Peer 1: 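Would you mind keeping the following structure in view while I ask a few things?
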Amino acid sequence: MNVVSRGVKNAFRSPMRSGAIILMLAISIGLILSMLVARSSVNTKIDQVKSAAGTNITISPAGVFGFDGGGNNLTSTQVTQISKTAHIATTSATLSDQMAATDTNLTPSLTLGNFGARQARLDNSSSNSSGSTSTSSSSSANSEFASRPVPTPHTTVTGTTNPNSISTNGGSLSITSGKTIDGNSNSYVALVGKDLATKNNLVVGKTFTAYGGTVTVSGIYTTGNTFQDSGIIMPLATIQTLSGQSGEVSSVIATVDSSDNVNATVTSLKSTLGSKADIVSQTQQATDSVSSLQSISGLALTSVIGAAIAGSVIILLAMIMIVRERRREIGVIKAIGGTNKKVMAQFVAEALTITVVGSIVGLTLGILVSGPMTSSLVSNSQNSSSTQSSTRAAAGPGGALFRGGINRIGSNITQVTSSVTPGVFASAVAITLLIAIIGSAIPAWFIARISPAEVLRAE
Amino acid sequence: MLEVKNLSKTFNSPGGNVTALKDVNISIKTGEFASIIGNSGSGKSTLLSMLGALDTPTSGTIMVDDKDISKLSSKKQTVYRAKKIGFVFQQYNLIPNLSALENVMLALEFGGVSARKRKGKAEQLLNEVGIKPDEMLRKPYKLSGGQQQRVSIARALANHPSIILADEPTGNLDSETGKKIFDLLHSLSRSENTTILAVTHDMDIAGKTDRTFKLKDGKIIT
């Protein structure tokens, strides 16, 4: 029977009370562990998303969003400026246009529907007042005086130096037949979307007319996106020539040599292009998309601190209560020759026993609940933020260029896997030890102040 | 030999200084059984706590075996209590969650007896005060008052102290049990040659001790 075994024995002197203290302690320790797990899982995910975001920067003309808005396309001078900016490794430029029935012999595979009709209504009224030769105005001119205009859908054509940039999943464009085209050539070749090809019975080697030129189908592609699969992809120079927009591009994607230089490059591009272009980096978008995860991470840390404080307070109050209750006993031990050190050691052993039992229960509890807790935290906060972004994600091809990649990240964010790593477990144990030390340090001070003369005092 | 000279103790209280002991002089020979009687508030407990090194006097000296214990550091006081003093309390003051045997072993531990020897020695001590082997393993609350006081006497004797200080040792016991406990203390003072100083109300008991001191308002009057 020594100091330590007396302390351990004392811990279970009052099983009901010790049980209650251990339970409260276990809950806070369980919370500490599960919140540490949530935090580390979420942080891992944030790092993953940020590192997967890549080093792309998208430069689009100011005021243009998909096929909406206004403004002027980027000029060849600006494209040259962009490609000459420091740290930019490669650029791919894109010019998107829409062909009306007069521009091509192809039948659009998209039906206008409510959305398209509403957009076309605006086109018609504006063409009337401005008198421009918009691609859709001539076809609807006849019905201008009818009670309702009958709009026709357009066929989207995208000229790009890199056909893979159309891919919605961020990887290579999926070619179902034929072969891809060289985006830097100026030959009259095209990749045709699956839906458009089916509608017009186009196969590899067949031709169609666009802006008066004859274009040969080089391949059929599919992206899984109905809008994209109803379009045509041609080399940038070909579209620029055919549509009479020499040198103009509607979007540039620049790849920066290293992720460290992305922010600096964005800043320098902003200063060279000024207000004429909107510049968005993937890193920035990734940061925006993980902001909800970041708030979970912060919340989890706050919970860890809160639970640690709660745990310390529980053990502290319990020990103070126990010491006060055993004043007389402490006095007796001192009177018969027990040193302060021995009495303190006995109570520290008692506090440690309670903490150890509490942490065994708590850590088990934490391991069990950390998985469900992490996923519920992530899915709850992610639901609210994804509804906001989904309305924007439906934007036209300009926006869709790498939005596909970002959408993929977005859906991935909810798949945070929680795992109890040794590091996280070790920090939970360290916090628990800290709780025990705090919980017994102050009572120890009380013990030292109890006078052995206490025993001679009448009850 | 216990020799108290000019011992005074003054407490600071909000209503001014209170003198609990004033110029107390006592001399008790080794092996003597002495008693102190006095009304409550006469300073009995204060005197006992000075002698037991539970508290330090304001002035005066307490010589135990030619050593002044009134000016010991609190660390040395603890050592003195462990080795030279045995306490017997009115409330027995055994540790509630330790068995009779463990209570005695605790005192042996503080007295510096090696862990291997403690159990045998404790059994021997309990046997001497009349505790049966099956009672030794019981917790205090499963023992009668008289048995508990026997255990506490065994605990007080554990380290062969110079003095046993007993605070109303029979105060909580019926007169028959009280007499047995008194006889036990008396015989021990003879067989172990231990000085015993008992504080008591009981004039019967006081009358049977070798010497009796009467304390009134902090002063020895006889």
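Computed from heavy atoms alone, side chains included, the values below leave out hydrogens, waters and symmetry copies. Keep in mind that this is a model prediction, so the values were computed, not measured. Here is how names work: the chains are called A, B, and so on, in the same order as the sequence lines, proteins then strands, and each is numbered from 1.
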Peer 1: Which atom pair, heavy atoms only, marks the closest approach of B/Arg81 to A/Lys334?
Peer 2: NE-O, 2.9 Å
Peer 1: Is it true that, when you exclude B/Asp217 itself, more than 12 heavy atoms of the residues, nucleotides or ligands shown sit nearer than 6.0 Å to its CG?
Peer 2: no
Peer 1: Counting only heavy atoms from other residues, nucleotides and ligands, does the tally under 6.0 Å from CG of B/Asn6 exceed 12?
Peer 2: yes
Peer 1: Taking A/Lys342 first and then B/Glu109, would you say they form a salt bridge - that is, a charged N and a carboxylate O separated by under 4.0 Å?
Peer 2: yes
Peer 1: Quick one: do A/Glu329 and B/Asn93 satisfy side chain to side chain contact (heavy atoms under 4.5 Å, CB included)? Show the steps, please.
Peer 2: CA-CA 7 Å; A/Glu329 187 179 320; B/Asn93 282 339; over 6 Å; no
Peer 1: Between atom CD of B/Gln77 and atom OG1 of A/Thr339, what is the distance when rounded to the nearest 0.5 Å?
Peer 2: 13.5 Å
Peer 1: Would you say B/Asp174 has more than 12 foreign heavy atoms packed within less than 6.0 Å of its CG?
Peer 2: yes
Peer 1: Side chains of A/Ile336 and B/Arg155, heavy atoms from C-beta outward: is any pair under 4.5 Å?
Peer 2: yes
Peer 1: Any donor and acceptor pair, going by atom type alone, linking the side chain of A/Arg13 with main-chain N or O of B/Asn97 inside 3.5 Å?
Peer 2: no
Peer 1: Write down the atom of A/Gly337, the atom of B/Thr78, and the distance for their closest heavy-atom approach.
Peer 2: O-CG2, 3.5 Å
Peer 1: Taking all atoms of both residues into account, what is the closest heavy-atom pair of A/Gly338 and B/Phe110, and its distance?
Peer 2: N-CD1, 3.5 Å
Peer 1: Could you check whether atom CE of A/Met321 has more than 12 heavy atoms from other residues, nucleotides or ligands sitting under 6.0 Å from it?
Peer 2: yes
Peer 1: Are any of the side-chain heavy atoms of B/Glu102 and A/Arg6 separated by less than 4.5 Å?
Peer 2: no
Peer 1: For chain A, find which of B/Ala156, B/Pro96, B/Pro161 contributes the most heavy-atom pairs closer than 4.5 angstrom.
Peer 2: B/Pro96
Peer 1: Around atom NZ of B/Lys117, are there more than 12 heavy atoms of other residues, nucleotides or ligands at under 6.0 Å?
Peer 2: no
Peer 1: A quick test of your reading: do over 12 heavy atoms of other residues, nucleotides or ligands sit less than 6.0 Å from NZ of B/Lys84?
Peer 2: no
Peer 1: Would you indicate whether A/Arg324, at its atom CZ, is surrounded by more than 12 heavy atoms from other residues, nucleotides or ligands within a distance under 6.0 Å?
Peer 2: no
Peer 1: Quick check on A/Asn340 against chain B: is it the side chain, the backbone, both or neither that has a heavy atom closer than 4.5 Å?
Peer 2: neither
Peer 1: Mind checking whether B/Phe87 and A/Val332 have side chains closer than 4.5 Å, heavy atoms only?
Peer 2: no
